[in-house]
Amino acid sequence: MLFGLFLRSSVNTLLPFATARGFSRSAYTMTQSISMAATDFKSDTVTTPTESMLKAMLTATHGDDVYKEDKTTNDFQERVAKMAGKPAGLFVVSGTMGNQICLRAHLHQPPYSILCDYRGHVYTHEAAGLAMLSQAMVTPVHPKKTTYITAEDIQANLILGNDIHTAPTRVISLENTLGGTIMPIEEIAKISALAKRHNLKLHLDGARLWNASAETGIPISEYGKYFDSMSLCLSKGIGAPVGTVIVGEPDFIQTANWFRKQVGGGIRQAGLLAAAADVALTEIFPEKLKLTHETTKKLAKELNEELGLTFQIPVETNFIFLDLEKAGIDPGVFIEEGAKLGITVAGARVAIHHQISVDAIEKLKQALRNAIRIGKEKLVDKPEGSLTYGVYDKIAPDH
Ligand SMILES: Cc1ncc(COP(=O)(O)O)c(C=O)c1O
Ligand SMILES: C[C@@H](O)[C@H](N)C(=O)O
């Protein structure tokens, strides 16, 4: 009974999608009890567990995952690996861990380097893991003409051969979606062929591959054909409280498991977390993700038509990258005006997820109206700790 009360009071009880003012078939949920995520645009990592996820945790098995004895975890790993078209998977606690142990497991004898997009999360937001865990050099590549790095961009930046002055490229690490933009599968196929031609490994930071798949209709397994490893987060738009599954060949996953243990990522009763992630994947993918994208695009259209706002990169899934500079909006003012209205924003990037409330969307628009009005009247320092995504602020490649 007590737990039932806890459930009711602290989680979103998601009603069927509501048709909200101005947002037909909205991805917004009308929540009976407002979760802190309902007003939080800083990221899609902020979603809170739904009642169904918490209930699933109650019936999870309690085996010790370090000894591979937990049925719920083993079954979930198998489910995600199958969706990815890969023979093996490993449940880890975060996307960062998933990426870093995959990349480390592909590398054998330094000196070596990893090639990725200059905005790639593995390079910009994983606490220098490539340098410290993998002792790798990085070749950050700027896309020349598109919002994603192409086979041509990569070819021009590969470090091949064994010149003693260099750290040869051993792994190409892609990210899809990146900044919410989708990398076309045709380009991925070209990059895969290039990697194979030079005997390089290809990794995907697929924290939001679910979004790309939901938007394009291309199955996860179709993407999986081109990669030696993928890190698939369940704690972003999929809305699980914790978890990522990395996928690949069995011997690769065994090596990655070693590095998982080494960084303290061996999990005991992992079934509790895997059970919630399993329900989240079923509940959210792909339909609720698609609705979230529809809502994001509709909001972007309204911000452009009503407020004249433009965007740093195309709005293709669940992120809007506002061009605040062009609008004369100080990020600190935007953050401050949002706080006054009871919403959390983090600067240029606006993240939409399945728990954002209709009311919060209206407040976001009002905060932007206020910030435009205030304009250059005053400049406000960004509050300490605000997520700035500086790398994303410059996401538009230097054409
Ligand atoms: C593209 C991308 N990859 C990886 C990660 C890392 O995930 P986590 O925060 O769970 O470590 C994030 C952030 O959440 C991300 O945005
Ligand atoms: C902050 C960053 O690590 C996180 N992945 C996000 O996109 O919000």
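Counting starts at 1 for both ligands and their atoms, following the listed order.
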Practice task
Please confirm whether Arg208 comes within less than 3.5 Å of ligand 1 when only nitrogen or oxygen atoms on both sides are compared.
Solution key: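 N/O-N/O distance under 3.5 Å: yes.
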Practice task
May I ask you to check whether Asp205 has an N/O atom sitting below 3.5 Å from an N/O atom of ligand 1?
Solution key: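 Yes; at least one N/O pair falls below 3.5 Å.
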We want to know whether [X] and [Y] form a side-chain donor-acceptor pair, criterion being a heavy-atom distance below 3.5 angstrom.
X: Ser213; Y: Arg208; value: no
X: Thr72; Y: Thr61; value: yes
X: His203; Y: Asp228; value: no
X: Thr166; Y: Asp163; value: no
X: His121; Y: Glu126; value: yes

Proximity to ligand 1 by part of [X], non-hydrogen separation under 4.0 Å:
X: Asn99; value: side chain
X: Ala207; value: side chain
X: His125; value: neither
X: Thr96; value: both

Exercise for the section: Establish, for the pair Arg170 and Tyr112, whether the NZ or CZ atom is under 6.0 angstrom from the six-membered ring centre and no further than 45 degrees off its axis. Expected result: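 No; the conditions do not both hold, so Arg170 does not lie above the ring face of Tyr112.
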Handout entry: Under 4.0 Å to a heavy atom of Glu126 - the qualifying atoms of ligand 1, by number
Key =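 Contacts of ligand 1 toward Glu126, numbered from 1: 4 (C).
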Practice task
Heavy-atom contacts with Glu175 under 4.0 Å: which atoms of ligand 1 show up? List them by number with element.
Solution key: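 Going through ligand 1 atom by atom, the ones under 4.0 Å from Glu175 are 1 (C).
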Exercise for the section: Below 4.0 angstrom from a heavy atom of His121, which ligand 2 atoms are there? Numbered from 1 as shown, please. Expected result: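 Within the 4.0 Å cut-off of His121, ligand 2 contributes 2 (C), 3 (O), 5 (N).
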Practice task
Would you mind listing which atoms of ligand 2 come within a distance below 4.0 Å of any non-hydrogen atom of Arg208?
Solution key: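 Here the atoms of ligand 2 in question are 6 (C), 7 (O).
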Practice task
Flag Arg349 as yes when one of its N or O atoms lies below 3.5 Å from any N or O atom of ligand 2, and as no otherwise.
Solution key: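 It does: an N or O of Arg349 is found under 3.5 Å from an N or O of ligand 2.
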Problem - Any N or O of Ser43 closer than 3.5 Å to N or O of ligand 2 - result: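 Yes - when backbone and side-chain N and O of Ser43 are compared with those of ligand 2, one distance drops under 3.5 Å.
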Practice task
Please work out whether the ring planes of Phe252 and His106 are parallel, tilted or perpendicular, with thresholds of 30° and 60°.
Solution key: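 The arrangement is parallel - the two ring planes meet at less than 30°.
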Practice task
Take the angle between the ring planes of Phe285 and Trp210 and call it parallel below 30°, perpendicular above 60°, tilted in between.
Solution key: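 If you compare the ring of Phe285 with that of Trp210, the planes turn out perpendicular.
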Problem - Contact check, Glu126 vs ligand 2, heavy-atom distance below 4.0 Å - result: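 No.
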Exercise for the section: Return the option from Arg119, Met97, Lys236 holding the heavy atom at the smallest distance from atom 14 (O) of ligand 1. Expected result: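 Comparing heavy atoms across Arg119, Met97, Lys236, the nearest one to atom 14 (O) of ligand 1 lies in Lys236.
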Problem - Nearest-0.5 Å distance, OG1 of residue Thr147 to CZ of residue Arg119 - result: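 Between atom OG1 of Thr147 and atom CZ of Arg119 there are 6.5 Å.
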